[in-house]
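Here is the structure we will look at.
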Amino acid sequence: MLDVFAPRNPAEFHRVLRPTGRLIVVRPTGRHLAELRGRVPAMVTIDPAKEQRLHRALDPFFEAAVTEQVEYPTALVRPEALDLVAMTPSARHLSRADLNDDGLVPDQVTVSVLATAYQPR
């Protein structure tokens, strides 16, 4: 089962996952899209306590087996920046008009995520 940047229901995941199955949870690190978040003040930041909350929520049902960090820079053009913002919780706080200033869009952003495989308890 794969959960990417989405809300989680640990009890339901545990109910439907086979005992030999794995739950893969992908979430952003503090560096994810940092260049964009640094230029657009209304963008939502990543809560530093997110990791602890995740592990606390999953702990009654799952045990972490392995965690990998994936991080790389990628070029960014204005239409892509608009799409990126639209896919984040920041979309509720910003409009496309808020991003009209070309100075807000960096030429490059960092993609930085953690992916953890959990096994059912």
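Taking every heavy atom of both residues into account, Q69 and L114 meet most closely at CB-CD2, 3.7 Å. Closest non-hydrogen pair, P106 versus R39, comes out as CA-NH1, 3.4 Å. Across all their heavy atoms, P120 and G21 have their closest contact at CD-O, 3.3 Å. The minimum heavy-atom distance linking A64 with T116 is given by the pair CB-CG2, 4.0 Å. Nearest heavy-atom pair, P60 versus R121, reported as atom, atom and distance to 0.1 Å: O-CD, 3.9 Å.
For the atom pair CD of E80 and CG of L36, the computed distance is 11.5 Å after rounding to the nearest 0.5 Å. The distance from atom CG of D59 to atom CG of L54, rounded to the nearest 0.5 Å, is 10.5 Å. Expressed to the nearest 0.5 Å, how far CG of L76 lies from CG of L33 amounts to 8.5 Å. Between F62 atom CZ and L23 atom CG the span is 5.0 Å, to the nearest 0.5 Å. Rounding to the nearest 0.5 Å gives a distance of 9.0 Å between CZ of R53 and CZ of R8.
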Q) Could you walk me through whether R31 and E71 pass the side-chain contact (heavy atoms from CB on, under 4.5 Å) check? A) CA-CA 9 Å; R31 290 184 298 282; E71 186 169 301; 2.9 Å; yes
Q. Between T29 and V113, is a side-chain contact (heavy atoms from CB on, under 4.5 Å) present by the stated rule, with each step listed?
A. CA-CA 5 Å; T29 74; V113 299; 5.5 Å; no
Q.
side-chain contact (heavy atoms from CB on, under 4.5 Å) for H32 and I46? Distances and angles first, verdict last.
A. CA-CA 9 Å; H32 186 64; I46 296 159; 4.2 Å; yes
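Using modelled atom types, one finds no donor on one side chain facing an acceptor on the other under 3.5 Å when comparing Y118 with H14. In summary, the side chains of T110 and E35 do present a donor paired with an acceptor at a separation below 3.5 Å, with no hydrogens or angles considered.
With R56 contributing its side chain and E51 its backbone, the two residues share no donor-acceptor pair below 3.5 Å.
Taking hydrophobic clusters as Ile, Leu, Val, Met, Phe, Trp and Tyr residues chained together by side-chain heavy-atom distances below 4.5 Å, L2 shares a cluster with V111. Hydrophobic clustering, with ILVMFWY side chains joined whenever heavy atoms are under 4.5 angstrom apart, groups V25 together with L17. Put simply, Y72 and F5 are part of the same group of oily side chains (I, L, V, M, F, W, Y) that touch within less than 4.5 Å, one to the next. Note on V26: it clusters hydrophobically with V70, by side-chain heavy-atom contacts below 4.5 Å among ILVMFWY residues. Hydrophobic clustering (side-chain heavy atoms under 4.5 Å, transitive across Ile, Leu, Val, Met, Phe, Trp, Tyr) keeps F13 apart from V4.
Between D3 and R27 there is no salt bridge, since no side-chain N of the basic residue sits under 4.0 Å from a carboxylate O of the acidic one.
Annotation: E68, atom CD; neighbour count of heavy atoms from other residues, nucleotides and ligands within 6.0 Å does not exceed 12. Heavy atoms of other residues, nucleotides or ligands lying less than 6.0 angstrom from CG of D107 number 12 at most.
When side chains are defined from C-beta on, M1 counts as touching V16, because their heavy atoms get closer than 4.5 Å.
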